[in-house]
Amino acid sequence: MENKLVIYNTLSRKKELFIPINPPNVGLYVCGPTVYGETHLGHARPAITFDLLFRYLSHLGYKIRYVRNITDVGHLENDADAGEDKIAKKARLEELEPMEIVQYYTNMYHDNMKKLNVLSPSIEPHASAHIMEQQQMVESIFRKGYAYESNGSVYFDVEKYNKTNNYGKLSGRNIEDLLSTTRELEGQEEKKNPFDFALWKKANPEHIMRWPSKWSDGFPGWHLECSVMSTKYLGEEFDIHGGGMDLLFPHHECEIAQTKIANGKESVKYWMHNNMITINGKKMGKSLGNAISLNQFFTGEHKLLEKPYAPLTIRFFILQAHYRSTVDFSNEALQAAEKGLQRLWTAFDSLSKIKAGNQSSVSISKLENKCYEALNDDLNSPVLIAHLFDGVKIINSLLSGKEQINKDDLNKLKSIYKTFVIDVLGFEKSEISQTDNKVYHKVVDLLLDLRMEAKAKKDFQMADNIRNKLLELGFEIKDKKDGYEWELSD
RNA sequence: GGUCUCGUGGCCGAGUGGCUAGGCGGAGGUCUGCAAAACCUUAGACAGCGGUUCGAAUCCGCUCGAGACCUCCA
């Protein structure tokens, strides 16, 4: 299991060689969605980033347990909604059961992820199903003297923790700065210090999502679920914890602190954070009101979208940027991604038409090495894709006979494209639209056969007539040397 | 205000001391009844000003600009 995979560890702010704690096993935990709203483009970023990691580690031969949670409790609102659970709020507005909302948006998330060809994690735990374990962790922290109760809520004593530990080491903060920069929020008077965070929160009377506990009827603190569920499913020490950069502080910082106290040791070896997707240079986010949902991308029904975009176009668009860079949404960029992916696919299909000769005038192993080097360098998918485009040039040269390739090299070339394009990058073309209705396909073929006959008879009026009518209906007709290809465009 | 990140050609986006990134778009061409598609070739860049260096887009300083976190967030 030798590899040279290097990943950027937020904790050290450096790229580090990836060495699993218990090879060949790898424990991976990623912060999943809060299921109280439509899945939007921002959710696709971590899902796709860590899908790439999951796929690549699998390809390298690791046995991965990938845990990605569903957040369906907790997460306080601020301002007027302080103390109210987000999900409960939405539920009351729409007069639905909270779990109905959870189910609805979880289903949507799953559906969208499947379309993006994001593999399911090994375990997808719900926070609401781990209330008991969360209470146990609160109790454990309490017993160790790092928590205090106040008015039915339990808070983590950051100041005490910081005496023997470094609170802020992940996000590069220190407690003095935090004192002067924490905003005034409701409920702060319950805390010893404004930077203390809730482990258990007493629920207001109108709060629907609540569980009994020795402290109060309430719900677990904002950050507890990830500590609890990662420990439960991956153990007290595991390899990689991922999530969006916006979760770095306070979420992951708090997670480190409470886990350290509860378990007595550091749990995460490598912290990985994906950057944000921006729109007009600003972060796309639900709370900012500028998020475009994935369903809107797929249907094109949004005022900022010029057309619908296929799920794999979105995937390609995201993977064409490095995960630690921001990526800026625009129609132009998305359409460029669409064309680029098409070029890659065309070449991929052409592979089957290449005939092997006795010798090779192209270096395939060089290409292969470059591909691995790119991924090994902190999952540099844009560079990998660039190399694959270099390979497209090679494929086309082979196709036109400008270059030659022997049998072994040809097999290697095919295997490279299968490995990287399909297995690792996950650009597997959906065959649904091609196979769902065979009769209708035959009808279109029939029409185009008639057109070919017309062309043969130089009846171009008839030929063009058929083509134009089909174009009007939304078909894309591509004439080939001996025949045609067609597809129903979006 | 505090902490941090970034500024690359028309657009997106890699690189990070000397060696072509790549994609889209543009221009030119091949193919074709025409068109589309496909393919080939090609021009074009490192925010500004100083400094270090034989050499800087890459290191340092300053200026300008943009953004993130500090509050739920992917």
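First the proteins, then the strands, lettered A, B, ... as listed; each starts at 1.
Taking atom C1' in both B/rC59 and B/rU52, the straight-line distance is 8 Å, to the nearest Å. To the nearest whole angstrom, the two C1' atoms, one in B/rU16 and one in B/rC11, are 23 Å apart. When the C1' atom is compared between B/rA45 and B/rG26, the two are found 16 Å apart, to the nearest whole Å. Comparing B/rU5 with B/rG61, their P atoms sit 12 Å apart, to the nearest whole Å. Going from the P atom of B/rC64 to that of B/rG48 covers 16 Å, rounded to whole Å. Comparing B/rG25 with B/rU58, their C1' atoms are spaced 28 Å from each other, to the whole Å. For B/rA43 and B/rA38, the P atoms lie 22 Å apart once the distance is rounded to whole Å. Taking atom C1' in both B/rU8 and B/rU20, the straight-line distance is 15 Å, to the nearest Å.
Protein atom OH of A/Tyr109 is 9 Å distant from nucleotide atom P of B/rA74, rounded to whole Å. Going from atom CD1 of A/Ile318 over to atom C1' of B/rG23 covers 16 Å, rounded to whole Å. As rounded to whole Å, 17 Å separates atom C1' of B/rA36 from atom CG of A/Asn465. One atom, CG of A/Leu334, and another, P of B/rG23, lie 18 Å apart when rounded to the nearest Å. Distance A/Asn193 CG to B/rC70 P: 19 Å, rounded to the nearest Å. The separation between A/Asn331 atom CG and B/rC24 atom P is 18 Å, rounded to whole Å. Whole-Å rounding puts the A/Phe389 CZ to B/rA38 P distance at 12 Å. Rounding to whole angstrom units, CZ of residue A/Arg324 and P of B/rC69 are separated by 18 Å.
Nearer the 5' end of RNA chain B, as judged by each residue's closest nucleotide, is the contact made by A/Asp390, out of A/Asp390 and A/Asp246. Across the interface with RNA chain B, nearest-nucleotide mapping of A/Leu341 and A/Phe249 shows A/Leu341 to be the residue nearer the 5′ end.
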*Would you mind building the protein contact string for nucleotides 8-16 of chain B? One character per nucleotide, 5' to 3', B for base within reach (heavy atoms under 4.0 Å), S for sugar-phosphate only, - for untouched.*
--BSSSSS-
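Here A/Leu247 lies in heavy-atom contact (under 4.0 Å) with sugar-phosphate atoms only. At the heavy-atom level, A/Arg467 lies under 4.0 Å from base atoms of the strands shown. Within 4.0 Å (heavy atoms only), A/Lys283 reaches at least one base atom of the nucleic acid. Within the 4.0 angstrom heavy-atom criterion, no nucleotide atom of any strand lies near A/Leu399. Counting non-hydrogen atoms under 4.0 angstrom, A/Gly281 reaches the backbone sugars and phosphates but no base. Contact annotation for A/Lys282: backbone-only contact, meaning every heavy-atom pair under 4.0 Å involves sugar-phosphate atoms and none involves a base.
In terms of heavy atoms, A/Phe54 sits closest to A/Ile64 at O-CD1, 3.7 Å.
A close approach under 4.0 Å does not occur between any side-chain nitrogen or oxygen of A/Asn174 and OP1 or OP2 of B/rU3. Distances shown here put every side-chain N or O of A/Arg13 at or beyond 4.0 Å from the OP1 or OP2 atom of B/rU3. Considering only side-chain N and O atoms, A/Ser171 lies nowhere under 4.0 angstrom from the phosphate OP1 or OP2 of B/rC70. Considering only side-chain N and O atoms, A/Arg343 lies under 4.0 angstrom from the phosphate OP1 or OP2 of B/rG23.
A 6.0 Å sphere centred on CE of A/Met462 holds no more than 12 heavy atoms belonging to other residues, nucleotides or ligands. Shown here is A/Tyr104, whose OH atom has no more than 12 heavy atoms of other residues, nucleotides or ligands within 6.0 Å.
No option in A/Tyr56, A/Phe427, A/Tyr372, A/Phe389 other than A/Tyr372 meets the ring-ring contact (aromatic ring centres under 6.0 Å, His included) test with A/Phe420. For the side chain to side chain donor-acceptor pair (under 3.5 Å) with A/His126, the lone residue among A/Asp72, A/Thr106, A/Thr71 that qualifies is A/Asp72.
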*If pairs are Watson-Crick or G-U with both distances under 3.5 Å, what is the dot-bracket string of RNA chain B, marking crossing pairs with [ ] and pairs to another strand with |?*
(((((((..(((.....[...))).(((((.......)))))....(((((..]....))))))))))))....
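No salt bridge links A/Asp390 with A/Lys393; every basic N to acidic carboxylate O contact stays at or beyond 4.0 Å.
For A/Asp479, taking side-chain heavy atoms from C-beta onward, the closest of the listed nucleotides B/rA74, B/rG23, B/rA35 is B/rA35. Closest to the side chain of A/His40, from the set B/rG22, B/rA36, B/rA74, is B/rA74.
Atom CZ of A/Phe249 is separated from atom CZ of A/Phe195 by 9.5 Å, given to the nearest 0.5 angstrom. Here the straight-line distance linking atom CG of A/Asn380 with atom CG of A/Leu375 works out to 8.0 Å at 0.5 Å rounding.
For an aromatic pair to be called close, the ring centres must be under 6.0 Å apart, and A/Tyr233 with A/His130 satisfies this. Centroid-to-centroid, the aromatic rings of A/Phe297 and A/Phe329 come within less than 6.0 Å.
Within the structure, every pair that satisfies the salt bridge (Lys or Arg N to Asp or Glu O under 4.0 Å) test and touches residues 312-333 of chain A, not counting sequence neighbours, is listed here: A/Asp51-A/Arg315, A/Arg324-A/Asp378.
For the pair A/Arg451/A/Ile477, a side-chain contact is recorded, criterion being any heavy-atom separation below 4.5 Å from C-beta on.
By the 5.5 angstrom centroid cut-off and the 30-degree plane limit, A/Phe460 is classified as stacked against the base of B/rG33.
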